[in-house]
Peer 1: 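Quick one: structure below, then a few questions.
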Amino acid sequence: MSKYPFNEIEKKWQKYWEKNKTFRTIEDESVPEEKRKYVLDMFPYPSGAGLHVGHPEGYTATDIYSRYLRMNGYNVLHPMGFDAFGLPAENYAIKTGTHPYTTTKKNMENFTRQLKSLGFSYDWDREIATCDPEYYHWTQWIFKKLFEKGLAYEASTPINWCPSCKTGLANEEVKEGHCERCGTKVEKKNIRQWILKITAYADRLLEDLDTLDWPESVKTMQRNWIGKSEGAAVFFKLENFDDTLEVYTTRCDTLFGATYMVIAPEHPLVSKLTTKEQKAAVEKYLEDTKHKSDLERTDLAKDKTGVFSGSYAINPVNGERIPIWIADYVLISYGTGAIMAVPAHDDRDWEFAKKFGLPIIEVLKSDVDVQTQAWTEDGIHVNSQWLDGLNKEDAINKMISWLEEHKCGHKAVNYKLRDWIFSRQRYWGEPLPLIHCPKCGTVAVPDEELPLTLPEVTKYEPSGTGESPLVNVPEWVNTKCPVCGADAKRETNTMPQWAGSCWYYLRYIDPKNKDRFIDPEKEKYWMPVDLYVGGTEHAVLHLLYSRFWHKVLYDLGLVSTKEPFQRLVNQGMITSFAYQKKNKSLVPVDKVSEISPGKFIETETGEEVTQVTAKMSKSLKNVINPDDFIRDYGADSVRMYEMFMGPLTESKPWATAGFMGVYRFLDRVWRIITEKNIEDKELDKELDKLMNKTIKKVSQDTETLNFNTAISQMMVFVNELNKLETVPKKTLEILALLMSPYTPHIAEEMWALLGHEPSISKEKWPTWDEKKCLDDEVEIVVQINGKLRSRIMMPHNAEKDAVLEAVRNDEKTKQWTEGKTIVKEIVVPNKLVNIVVK
RNA sequence: GCGAGAGUGGUGGAAUUGGUAUACACGCUAGUCUUAGGAACUAGUGCUUCGGCUUAAGGGUUCGAGUCCCUUCUCUCGCACCA
């Protein structure tokens with residue numbers, strides 16, 4: 001009657017693994033190349049809240065896979081570390097004066113304790129933290145490479161500015177006009193920034209997606225983010241000026257329908273084009289737009305606004321005068337910040353034209369009256385002189401040739417991707433290793449002075465004026481130019497949090513190397529990452545940035561692969577149950593009672609509520625803390641339940657009742673091994689078959705990351721073993737081996753109880769005998785006109801004729817076919833017979 | 001609006017190339033037992049008017065559709081005036 005002593009067992013084996021360095025990995029050259037695998041988790045930001053249930057989901061998946069691969073003779077690199085620069089620790093420092101490193105260190109210790117309590121088979125000797133000077137030494141060194149290659153430049157451009165975080169943000173960090181981190185409305189601000197030329201890699205970042213084994217959704221998101229579009233640049237001569245106005249268009253074939261032009265309020269030609277008569281109106285409009293947030297400007301529902309500049313451009317194809325308007329529905333950040341408007345065939349232009357009474361000319365044969373609505377479908381060209389009668393493709397080609405011939409345009413490509421705003425006006429990040437010299441300009445800190453460490457400061461608060469707290473440390477800022485020795489100043493901006501995560505997967509390979517960022521031999525040994533598991537939240541941010549850095553390193557000959565992560569799997573989110581009233585508002589879990597199975601009411605009011613799944617949140621009281629479950633039921637239960645819940649990639653709700661099922665399963669296994677008679681005896685045929693089928697199913701499902709079905713097969717096997725009076729030892733040995741990647745602690749204990757030496761993780765994965773998996777007799781389903789009517793037993797692989805013969809003699813079948821004409825008989829070997837009758 | 005994905009019992013979810021829908025688990029019902037433990041064991045559990053009917057709804061292809069095709073609805077996620 002011993003209760004499964006998970007607590008004792010888990011502590012014991014965790015200690016054993018740590019002491020014996022069971023999972024230390026070395027670059028063993030005798031292991032052939034195809035037997036080396038790099039299995040990587042997205043490393044966590046060590047927040048004060050500790051691990052949530054989402055972390056162990058992906059981590060358990062990669063741990064199972066790593067353990068499985070090792071048992072199959074692979075050399076597996078499976079490391080863990082911390083993405084340790086970040087705003088929460090810094091904000092906490094501002095509030096309390098505690099150094100961010102102190103907070104971060106404490107949190108990392110807590111995370112490490114939690115990760116170890118889950119029994120993950122990481123090689124802890126390779127642990128890294130991005131805030132460690134030994135680590136960011138090489139982050140700075142890589143930045144220098146980018147700088148030397150001309151991929152980092154300084155510019156003062158309007159950028160996204162978070163007034164709460166008091167720092168600039170990359171485009172990728174702005175979600176629906178708000179700061180991704182704190183939710184504050186983002187403003188535009190003109191400040192000096194370091195920018196990385198990620199756009200120089202746009203095409204390769206796009207093309208190489210095709211070579212990756214990634215979820216289609218993530219690839220699509222990256223493609224959309226890069227946003228390549230092919231079209232034409234068209235130059236419009238200006239009336240009364242020598243300048244030309246360049247626009248970008250994907251539909252240069254509609255040029256005959258261009259009835260006005262629009263330039264963005266920030267366009268450099270605005271003041272030049274504004275006439276005396278229009279000056280007051282234009283200035284007022286510019287003032288109005290300036291005060292609008294990005295969100296207001298880009299709100300689709302809002303009315304179009306704009307103002308006439310007073311000037312005209314000349315349509316190159318027909319010499320018509322076209323009025324130039326200024327309007328904020330044209331964005332300065334895309335294309336040239338100027339468009340030709342074709343109101344007949346574009347909803348936005350149509351809306352604008354209607355509002356301001358501009359002419360609308362149909363140039364594509366439309367099914368509607370373009371005066372009453374825009375026609376945005378394809379159509380044959382009309383009112384377009386020498387394009388009339390042509391389709392879209394031909395017309396575009398003809399127009400581009402015409403434009404090129406007349407030197408007023410050419411084929412052009414555009415991207416939505418912007419260069420990466422890379423500097424942050426904050427303290428807790430890698431200092432940019434740059435020095436501003438009045439004579440030599442901006443020069444890099446020499447290699448031998450790296451790492452350039454963060455100085456101590458007394459105040460962590462950003463200045464808010466666009467400078468980091470580092471400006472307040474004169475002894476750090478004031479330095480000598482490494483080139484000419486003159487008095488110079490250090491760059492005071494720091495790198496964004498993404499910098500450290502751009503290359504951490506490389507440092508794991510050679511984490512202690514003092515001389516270089518990575519040993520090329522070791523890099524070749526492990527790269528690329530064979531499996532990378534993490535959440536979708538990094539679909540464009542981290543995964544785009546690190547691909548970019550990796551490609552730069554590749555071009556410099558510093559890494560051997562074009563892409564860092566060959567295979568990517570996104571784990572689904574673990575949600576929780578919540579309760580919803582009729583008016584769709586959610587009720588906290590502790591305010592709900594279950595009155596009968598599946599029926600819930602709000603305790604206070606008695607109103608019926610329905611069970612729905614929702615994100616875990618403090619206010620709904622439905623947050624699950626993995627620590628509680630590890631303490632009360634053990635890490636093995638937590639690991640196995642998270643894998644049993646459903647497919648890894650799906651989002652699914654935590655159900656504590658379901659968790660208990662897994663705990664009971666492990667308890668049952670424990671009772672079998674400690675209470676039943678175990679004998680070294682032959683297996684009977686049926687049991688042997690089930691065992692072989694189980695090995696097969698668990699092997700295949702583990703290989704393909706279908707952990708939930710692998711576990712259900714183990715349950716089937718255990719249910720069968722549980723029925724036996726005496727259990728053959730062999731079955732339990734196999735069970736322990738199959739369970740060991742999933743629930744390593746109990747498996748180690750079982751292995752020891754069965755009289756074997758530790759560690760089970762060093763054992764060979766069991767194999768199955770395909771012959772033994774086959775049934776001698778199979779059930780053949782008999783369908784009449786596609787409906788299930790009878791079942792018969794037949795030997796495996798019985799001849800078609802024999803099967804039909806047996807079916808014809810089957811009593812039930814006879815009843816259904818009597819007096820009818822058999823039209824057709826379909827036989828699926830070992831499966832079914834379908835008889836079509838009339 | 002555009003793009004991607006998903007809809008299967010009371011619940012989480014299974015179902016090779018189209019071939020027995022609902023494996024496994026939870027929950028529930030009845031019983032046995034006890035060291036009253038979120039116990040264990042046994043039996044049952046999609047609906048049903050017992051003819052049948054069931055994979056969001058409707059249509060199609062097929063001997064046969066959860067799976068393929070079309071239409072519609074719902075939900076989730078991403079992007080969003082991108083010219």
Side-chain angles (χ1 to χ4, degrees), chain A residues 1 3 175-177 215-221 223-225 227 229 231 247-252 254 262 297-302 304 327-331 333-342 346-349 351-352 414-416 536-537 539-540 572-573 575 577 594 596-599 611-613 632-633 641 644-647 649-665 667-668 671 700 706 708-716 719 722-723 779-788 791 823-837:
Chain A
M1 275 293 161
K3 202 168 134 29
K175 301 278 174 221
E176 293 176 0
E216 225 22 73
S217 62
V218 176
K219 289 199 204 177
T220 306
M221 276 162 76
R223 283 189 194 109
N224 292 342
W225 192 260
S229 103
V247 304
Y248 172 74
T249 176
T250 52
R251 293 302 299 267
C252 61
T254 61
V262 185
R297 268 187 70 168
T298 56
D299 184 1
L300 265 159
K302 133 195 121 79
K304 295 268 180 294
D328 64 5
Y329 82 92
V330 169
L331 310 174
S333 55
Y334 186 75
T336 60
I339 63 158
M340 60 179 225
V342 184
D346 181 281
D347 287 323
R348 298 154 303 182
D349 295 348
E351 203 188 308
F352 191 85
N414 241 296
Y415 299 92
K416 279 197 257 185
T536 30
E537 65 272 20
V540 281
M573 205 190 336
T575 57
F577 286 117
E594 187 168 14
S596 63
K599 269 214 159 192
Q611 192 180 55
V612 293
T613 56
D632 295 343
Y633 304 101
Y641 175 61
F644 184 59
M645 290 169 84
T649 54
E650 299 291 309
S651 100
K652 49 219 173 275
W654 179 283
T656 299
F659 175 88
M660 292 311 298
V662 170
Y663 172 72
R664 286 207 286 264
F665 166 76
D667 198 39
R668 189 172 304 142
R671 274 183 282 114
Q700 291 178 342
N706 290 304
N708 55 329
T709 48
I711 293 167
S712 62
Q713 184 63 39
M714 292 184 220
M715 287 173 169
V716 170
N719 288 345
N722 201 32
K723 288 178 191 159
E779 190 183 66
I780 305 264
V781 171
V782 183
Q783 294 184 338
I784 312 292
N785 287 349
K787 294 236 187 289
L788 176 68
R791 301 156 199 271
V823 183
K824 204 171 182 182
E825 289 165 322
I826 291 115
V827 180
V828 182
N830 299 322
K831 280 257 167 65
L832 65 70
V833 173
N834 190 12
I835 302 175
V836 186
V837 297

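Predicted model only: the values in this text are computed from it and were never measured. Reminder, nothing fancy here: chain letters follow the sequence lines and each chain counts from 1.
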Peer 1: Among B/rC81, B/rG19, B/rU11, find the nucleotide with the atom closest to the side chain of A/Phe577.
Peer 2: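 Ranking B/rC81, B/rG19, B/rU11 by closest atom to the A/Phe577 side chain puts B/rU11 first.
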Peer 1: Does A/Arg668 put a side-chain nitrogen or oxygen below 4.0 Å from OP1 or OP2 of B/rC41?
Peer 2: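 Result: yes.
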Peer 1: Once you round it to whole Å, what is the distance between P of B/rC63 and CG of A/Asn834?
Peer 2: 10 Å
Peer 1: Any side-chain N or O of A/Arg791 less than 4.0 Å from the OP1 or OP2 oxygen of B/rG19?
Peer 2: no
Peer 1: Whether A/Arg664 contacts B/rA25 is assessed here as follows: a side-chain N or O lying under 4.0 Å from the phosphate OP1 or OP2. Is that the case?
Peer 2: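 Looking at the OP1 and OP2 atoms of B/rA25, neither is under 4.0 Å from any side-chain N or O of A/Arg664.
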Peer 1: Name the nucleic acid region contacted by A/Asn830, choosing base, sugar-phosphate or nothing; use a 4.0 angstrom heavy-atom cut-off, strictly under.
Peer 2: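 The residue A/Asn830 makes no contact with any strand.
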Peer 1: Could you check which of B/rC41, B/rA80, B/rG12 has an atom nearest any side-chain atom of A/Trp225?
Peer 2: B/rA80
Peer 1: From the list B/rG12, B/rG19, B/rG3, which nucleotide is the closest neighbour of the side chain of A/Phe644?
Peer 2: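 Side chain of A/Phe644 sits closest to B/rG12.
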Peer 1: It should be established whether A/Ser229 places a side-chain nitrogen or oxygen under 4.0 Å from OP1 or OP2 of nucleotide B/rA83.
Peer 2: yes
Peer 1: As a test of reading the structure: which of B/rG78, B/rU16, B/rA80 is closest to the side chain of A/Met221, going by heavy atoms?
Peer 2: B/rG78
Peer 1: Select base, sugar-phosphate, or nothing to describe what A/Ala655 touches, counting heavy atoms under 4.0 Å on all strands.
Peer 2: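 Result for A/Ala655 = nothing.
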Peer 1: If you measure only the distance, is there a donor-acceptor pair under 3.5 Å linking the side chains of A/Tyr329 and A/Asp349?
Peer 2: yes
Peer 1: Among B/rA14, B/rC26, B/rA83, find the nucleotide with the atom closest to the side chain of A/Leu331.
Peer 2: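 Out of B/rA14, B/rC26, B/rA83, the nucleotide with an atom closest to A/Leu331's side chain is B/rA83.
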Peer 1: Among B/rG19, B/rG13, B/rA40, which nucleotide sits nearest the side chain of A/Leu832?
Peer 2: B/rG19
Peer 1: Ignoring the backbone of A/Asn722, work out which of B/rC41, B/rG13, B/rU20 is nearest its side chain.
Peer 2: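 The answer is B/rC41.
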Peer 1: Please state the P separation for the pair B/rG10 and B/rU22 - nearest whole angstrom.
Peer 2: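 So the two P atoms sit 16 Å from each other.
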Peer 1: Using only heavy-atom distances, decide whether a donor-acceptor pair under 3.5 angstrom links the side-chain of A/Gln783 to the base of B/rU20.
Peer 2: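 No such pair is found, so the answer is no.
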Peer 1: Base, sugar-phosphate, or nothing for A/Lys416, non-hydrogen atoms under 4.0 angstrom?
Peer 2: base
Peer 1: Just to confirm, is there a sub-4.0 Å distance from OP1 or OP2 of B/rA83 to any side-chain nitrogen or oxygen of A/Tyr334?
Peer 2: yes
Peer 1: With syn defined as a glycosidic angle within 90° of 0 and anti as the rest, where does B/rG51 land?
Peer 2: syn
Peer 1: Can a side chain N or O of A/Asn719 be found less than 4.0 Å away from OP1 or OP2 on B/rA25?
Peer 2: yes
Peer 1: Quick one: which of B/rG3, B/rA83, B/rG19 gets closest to the side chain of A/Asn224?
Peer 2: B/rG3
Peer 1: Nearest whole Å is fine: how far is B/rG12 P from A/Ile711 CD1?
Peer 2: 18 Å
Peer 1: According to a strict under-4.0 Å criterion, is A/Lys824 in side-chain N/O contact with OP1 or OP2 of B/rC63?
Peer 2: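 Yes.
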Peer 1: Measure from the side-chain heavy atoms of A/Lys831 and tell me the nearest of B/rG19, B/rC41, B/rA83.
Peer 2: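 From the listed options, B/rG19 comes nearest.
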Peer 1: Please determine, for the side chain of A/Pro647, which listed nucleotide (B/rG13, B/rA25, B/rC63) has the closest atom?
Peer 2: B/rG13
Peer 1: Within 90° of 0 counts as syn, otherwise anti: where does B/rG5 fall?
Peer 2: anti
